[in-house]
*Asks:* 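My structure is below; once you've seen it, I'll send some questions.
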Amino acid sequence: MYKDLWWKALLIAFLIIISVLYVYPPSEKLKAGIDLAGGTSLVYEIDSSDLAPAERRGLAERMIPILLRRIDPTHVANIIMRPQSDTRIEIQLPVASLDTRIKRKAYEEAITKLESQNINLLQVKRALSLDAAQRQA
């Protein structure tokens with residue numbers, strides 16, 4: 001009886017070692033999902049009150065490619081859409097990466113700097129209504 005257990009235990013130990021080597025280091029080989037990395041999961045229901053039961057069948061599956069083309073046409077945002085029923089769609093939006101957040105912050109700072117240096121039409125009209133000495137100042 002113990003002879004049968006030894007080879008099974010060795011096989012299990014071998015498979016565990018191979019599995020650990022396959023996923024080591026986990027930070028590089030495993031991708032954190034929306035629950036660990038962060039993000040949003042939304043469930044939308046399609047208003048199908050005016051549709052016949054035959055038209056409702058598979059409606060969510062037919063809507064997903066259309067929504068993906070409109071929301072993420074280049075497939076860069078890694079948006080996941082799944083049908084939950086004939087009229088419900090689950091949309092998972094992952095949090096932006098650190099690199100994307102840094103670039104977004106730099107973009108917003110550049111826009112703020114440009115807006116602070118920008119003059120509007122009202123300021124130009126006020127300056128033109130001043131006399132020459134005040135305009136020079």
Side-chain angles (χ1 to χ4, degrees):
M1 179 170 167
Y2 288 114
K3 290 181 183 179
D4 291 339
L5 291 179
W6 281 107
W7 75 269
K8 291 178 183 178
L10 287 174
L11 178 64
I12 291 171
F14 175 74
L15 291 175
I16 290 173
I17 290 170
I18 294 297
S19 300
V20 168
L21 292 175
Y22 184 72
V23 297
Y24 187 79
S27 61
E28 293 176 9
K29 302 233 178 145
L30 297 178
K31 182 179 176 187
I34 194 170
D35 53 349
L36 297 175
T40 305
S41 180
L42 308 166
V43 178
Y44 287 100
E45 185 164 357
I46 303 166
D47 181 17
S48 60
S49 58
D50 296 338
L51 298 176
E55 293 173 325
R56 288 182 191 158
R57 195 170 305 117
L59 181 63
E61 289 181 23
R62 293 191 311 264
M63 289 292 294
I64 287 174
I66 297 167
L67 290 172
L68 277 174
R69 276 195 308 264
R70 289 185 177 197
I71 295 171
D72 188 22
T74 58
H75 302 290
V76 175
N78 296 327
I79 296 174
I80 299 170
M81 291 190 187
R82 292 187 201 116
Q84 294 295 321
S85 66
D86 285 338
T87 59
R88 296 179 76 169
I89 299 173
E90 177 188 16
I91 301 173
Q92 292 183 346
L93 305 166
V95 172
S97 66
L98 179 61
D99 184 45
T100 304
R101 287 183 292 209
I102 290 170
K103 288 178 181 177
R104 177 69 182 188
K105 186 177 179 183
Y107 169 77
E108 288 174 354
E109 288 173 357
I111 291 291
T112 304
K113 184 178 177 184
L114 282 173
E115 288 175 350
S116 68
Q117 296 174 353
N118 195 10
I119 60 171
N120 60 25
L121 184 60
L122 183 62
Q123 290 173 329
V124 172
K125 286 182 180 181
R126 283 182 188 160
L128 289 175
S129 66
L130 298 174
D131 62 3
Q134 289 177 332
R135 266 187 282 173
Q136 286 295 338

*Asks:* Any salt bridge (charged side-chain N to carboxylate O under 4.0 Å, His left out) involving residues 76-100? Give me the pairs, sequence neighbours left out, ordered by first then second residue.
*Replies:* R82-E90, D99-K103
*Asks:* Minimum heavy-atom separation for A60 to P83, with atom names?
*Replies:* CB-CB, 3.9 Å
*Asks:* Residues sharing L10's hydrophobic cluster, by side-chain heavy-atom contacts under 4.5 Å among ILVMFWY, directly or via others?
*Replies:* none
*Asks:* May I have all residue pairs that pass salt bridge (charged side-chain N to carboxylate O under 4.0 Å, His left out) and include part of residues 53-65, sequence neighbours excluded?
*Replies:* none
*Asks:* Which ILVMFWY residues can you reach from I102 by hopping between side chains whose heavy atoms are under 4.5 Å apart?
*Replies:* L98
*Asks:* Can you list everything that forms a side chain to side chain donor-acceptor pair (under 3.5 Å) with D50? Sequence neighbours excluded, please.
*Replies:* none
*Asks:* Please report, to 0.1 Å, the donor-acceptor pairs under 3.5 Å made by any side chain of residues 105-113, with sequence neighbours excluded.
*Replies:*
{"unit_1": "E108", "atom_1": "OE2", "unit_2": "R104", "atom_2": "NE", "d": "3.0"}
{"unit_1": "T112", "atom_1": "OG1", "unit_2": "E108", "atom_2": "O", "d": "2.8"}

*Asks:* What's the verdict on side chain to side chain contact (heavy atoms under 4.5 Å, CB included) for R126 and L122, showing C-alpha distance, side-chain angles and the deciding distance?
*Replies:* CA-CA 6 Å; R126 283 182 188 160; L122 183 62; 3.4 Å; yes
*Asks:* Could you list who else is in I119's hydrophobic cluster, with ILVMFWY side chains joined at under 4.5 Å, directly or through other members?
*Replies:* V124, L128
*Asks:* Should side-chain heavy atoms under 4.5 Å link Ile, Leu, Val, Met, Phe, Trp and Tyr, which residues sit in the same cluster as L59?
*Replies:* L42, Y44, I46, L51, M63, I64, L67, L68, I71, I79, M81, I89, I91, L93
*Asks:* Under 3.5 Å, which donor-acceptor pairs link side chains of residues 15-24 to any protein atom two or more places apart or in another chain?
*Replies:*
{"unit_1": "S19", "atom_1": "OG", "unit_2": "L15", "atom_2": "O", "d": "2.8"}

*Asks:* Holding to side chain to side chain donor-acceptor pair (under 3.5 Å), I want the full list of residues that pass it with T100, two or more places apart in sequence or in another chain.
*Replies:* S97
*Asks:* What residue pairs, at least two apart or across chains, pass salt bridge (charged side-chain N to carboxylate O under 4.0 Å, His left out) with a residue in residues 11-23?
*Replies:* none
*Asks:* Strictly by side chain to side chain donor-acceptor pair (under 3.5 Å), give each pair with a member in residues 64-75 just once, sequence neighbours left out.
*Replies:* none
